[in-house]
Amino acid sequence: MLKLVSEKRLRIYPVSLGCAKNKADFEKLLALLIKQGAEIVLVPEEATHFWVNTCAFIKPAIEESLEHIFDLGEIKKQGQALIVSGCLTGRYGVEKLKELLPEVDEFYGIEPYQYFAKQEPYERILTENPFYAFLKISEGCNRNCAYCTIPRIRGRLKSKPVDLLLKEAEFLLTLGVKELILVAQDITSYGLDLKPKVDLVNLVKTLSKLPFEFRIRLLYLYPVPNLRRFLEDLLSIPKVVPYFDLPIQHAHPEILKAMRRPNHIESLAETIFYLRTVIPEVAFRTTVMVGFPGEGEKEFEFLCNFLKEVEFDHLGVFPFYPEEGTLAEKLPGKVPYRERLRRRREVLRLQKEISKKRLKLRKGKEEEVLLLGEDEKGRFWGISKTQAPEVDGITYLLSPKRSNLKLMPGELIKGKVKKTTTYDLYVEPIIE
């Protein structure tokens, strides 16, 4: 095991791959290592240890993880060590990886901070923008989607205690974070395993009472049957932004059945239409998968028509990968890989027009923008309430004429939308 206390000061070169949940875990590890005397370096040559926190959810993620491991293994010199943690070890096991990756000196599993602390830490080192942070509220998943490797890698649902999440949230807000983004494999199920039970709505209510200026965003909401009431309850909570990420994966009933996904897609559409009438500024994001076994032209066209009907504001699309050990790996009706890629391109073209149309509806409306930085042209940029960082478009701030307005990253600014493009907004600040 890595010795945190040694004659030679540890200098860690970190590489974090994969989702926001993986990133949050790694940020806790980095804070723990620094607290115990380690130093983070940004140049491999200065490191005593390379540390790759891997993703292994789908084939391309595995390939990316291996590429980083191979690259660092090649440049590793005497006196340097290569450490690997995260989903790759969770999916394949340490013993198998030791045989396959001899260049790796040490392996740790998921949530690698567990190896260095008796209790889960709440302190973190933010590795992206300092004004938003992903708050991971649970680990694992109890769903049994036919294509998914998560239960095998991460195990069953394990919700974080409310008091730990409050400590972590307060720590992040004290650092200057202005947006907490709740993430998990399935945040809808939060608290079902806790005693006494605490549901997601009550957790969000508790977080919203923290005495800071900030907002709350929710990602990875499983589309449950009672969705309308659930979303209304969340929208009634102060600080929750009108933005919901609802991964549907598909729309055709037979494909959803084969995927082992809920088949109440029409009810979901009705909920979205209803909420848009009562809260016009609400935005919806989804994720779909194309080329799942059994998806013919009819099923694919059904999906495209559903996307045209609902018009999600934001969308991610992935081709199906027959992941080892999943139920979908052996299903009949395989779709050729080239055809899966073609369908992905078609959905992206479709969504491009939908996104442009949805954003145009926001022209002339008021938006609250979290400023995240300044680009090379001197323009401030950030995210509105209806844009999640790292996955959606961004908002540029237009400087009002004859204005001496002084702005700083980290501020929440109100403005009016003056221009929209396919994915981005252009907002002029409202001077009060």
Side-chain angles (χ1 to χ4, degrees), residues 20-21 23-24 27 122 124 126 128-137 160 162 165-184 187-188 190 200-221 230-246 275-276 278-285 313-314 359 362 365-373 380-397 407-417 424-425 427 429-430 432:
K21 302 171 285 292
K23 182 185 299 181
E27 289 176 346
Y122 61 86
R124 287 163 53 183
L126 296 179
E128 295 292 337
N129 195 283
F131 304 115
Y132 66 83
F134 297 100
L135 183 65
K136 180 180 163 187
I137 65 173
K160 309 282 184 183
V162 174
L165 294 174
L166 275 173
K167 275 186 180 179
E168 187 174 341
E170 189 166 8
F171 172 78
L172 294 168
L173 296 170
T174 302
L175 292 181
V177 165
K178 293 296 178 69
E179 181 168 302
L180 291 176
I181 306 169
L182 273 54
V183 295
I187 70 169
T188 310
Y190 173 79
L200 179 65
V201 172
N202 284 319
L203 171 66
V204 177
K205 283 180 180 177
T206 303
L207 290 171
S208 74
K209 293 175 184 176
L210 288 170
F212 296 86
E213 183 190 23
F214 70 104
R215 56 196 198 188
I216 298 172
R217 189 181 303 275
L218 299 107
L219 300 185
Y220 311 112
L221 281 159
F230 185 60
L231 297 186
E232 285 181 317
D233 287 345
L234 288 169
L235 285 167
S236 71
I237 301 171
K239 298 178 181 173
V240 170
V241 298
Y243 175 105
F244 297 111
D245 174 33
L246 301 163
L275 288 177
R276 281 175 173 164
V278 295
I279 308 172
E281 68 270 23
V282 69
F284 292 94
R285 177 180 180 82
D313 300 86
H314 311 284
L359 279 189
R362 298 187 181 275
K365 304 290 178 61
E366 187 176 304
E367 292 279 353
E368 180 188 75
V369 183
L370 170 57
L371 299 185
L372 296 178
F380 279 99
W381 63 274
I383 49 172
S384 73
K385 288 184 176 181
T386 56
Q387 294 168 320
E390 303 180 23
V391 290
D392 299 331
I394 60 177
T395 296
Y396 291 99
L397 227 59
L407 301 172
M408 290 289 291
E411 290 186 73
L412 290 166
I413 299 293
K414 288 183 179 179
K416 184 169 286 188
V417 179
D424 300 329
L425 297 173
V427 170
I430 296 172
E432 296 177 346

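Heavy-atom basis, side chains included; hydrogens, waters and symmetry copies ignored.
Note that CZ of R215 and CD1 of I383 are 5.5 Å apart. Values are rounded to the nearest 0.5 Å. L135 CG to L219 CG: the interatomic distance, rounded to the nearest 0.5 Å, is 11.5 Å. Within the model, atoms CZ of R285 and CG of D392 stand 5.0 Å from one another, a figure rounded to the nearest 0.5 Å. Annotation: the span from L175 atom CG to F131 atom CZ amounts to 10.5 Å, rounded to 0.5 Å. Between atom CG of residue N129 and atom CG of residue L370 there is a gap of 7.5 Å, rounded to the nearest 0.5 Å. For the atom pair CD1 of I181 and CD1 of I187, the computed distance is 11.0 Å after rounding to the nearest 0.5 Å.
By the 30° and 60° cut-offs, the orientation of the rings of F244 relative to F284 is tilted.
Here the shortest heavy-atom pairing between L371 and L407 reads CD1-CB, 4.0 Å. The minimum heavy-atom distance between D424 and G393, with the atom names listed, is OD1-CA, 3.5 Å. Looking at every heavy atom in both residues, K385 comes nearest to Y243 through O-CB, 3.6 Å. The minimum heavy-atom distance linking L165 with L207 is given by the pair O-CD2, 4.2 Å. The two residues S384 and R217 have their closest heavy-atom pair at O-NH2, 3.2 Å. Nearest heavy atom pair, residue L182 against residue I216, reads CD1-CG2, 3.9 Å.
Using a 4.0 Å cut-off between charged side-chain N and carboxylate O, D313 and R276 make a salt bridge. At a threshold of 4.0 Å, the pair E281-K365 does not count as salt-bridged, since none of the basic side-chain nitrogens sits closer than that to a carboxylate oxygen.
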(message) Please evaluate residues L359 and V417 with respect to the criterion side-chain contact (heavy atoms from CB on, under 4.5 Å), reporting the C-alpha separation (whole Å), side-chain torsions for both, the decisive distance (0.1 Å), and the verdict.
(response) CA-CA 10 Å; L359 279 189; V417 179; over 6 Å; no
(request) Check the pair L166 / E170 against side-chain contact (heavy atoms from CB on, under 4.5 Å), numbers first and verdict last. (result) CA-CA 6 Å; L166 275 173; E170 189 166 8; 6.0 Å; no
(request) Apply side-chain contact (heavy atoms from CB on, under 4.5 Å) to L172 and L126, showing your working. (result) CA-CA 9 Å; L172 294 168; L126 296 179; 3.9 Å; yes
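Contact annotation: the side chain of E390 approaches that of Y132 to within less than 4.5 Å [non-hydrogen atoms, C-beta and beyond]. Proximity of E367 to T386: side-chain heavy atoms (C-beta onward) are separated by under 4.5 Å at one or more points. No side-chain heavy atom of V177 sits less than 4.5 Å from a side-chain heavy atom of F214. Looking only at side-chain heavy atoms (C-beta outward), V369 and L425 stay at 4.5 Å or farther from each other. Residues L221 and D245 have side chains not in contact (no heavy-atom distance under 4.5 Å, counting atoms from C-beta outward). No side-chain heavy atom of I413 sits less than 4.5 Å from a side-chain heavy atom of V427. P389 has its side chain within reach of E179: a pair of non-hydrogen atoms, C-beta onward, lies under 4.5 Å apart. With contacts defined as side-chain heavy-atom distances shorter than 4.5 Å, the pair L397/P429 qualifies.
Checking side-chain atoms of K136 against main-chain N and O of K160 turns up no donor-acceptor pair under 3.5 Å. Between the side chain of K414 and the main chain of I430, no donor-acceptor pair closer than 3.5 Å is present.
By the 6.0 Å contact criterion, NZ on K167 is open, its count of non-hydrogen atoms from other residues, nucleotides or ligands being 12 or less.
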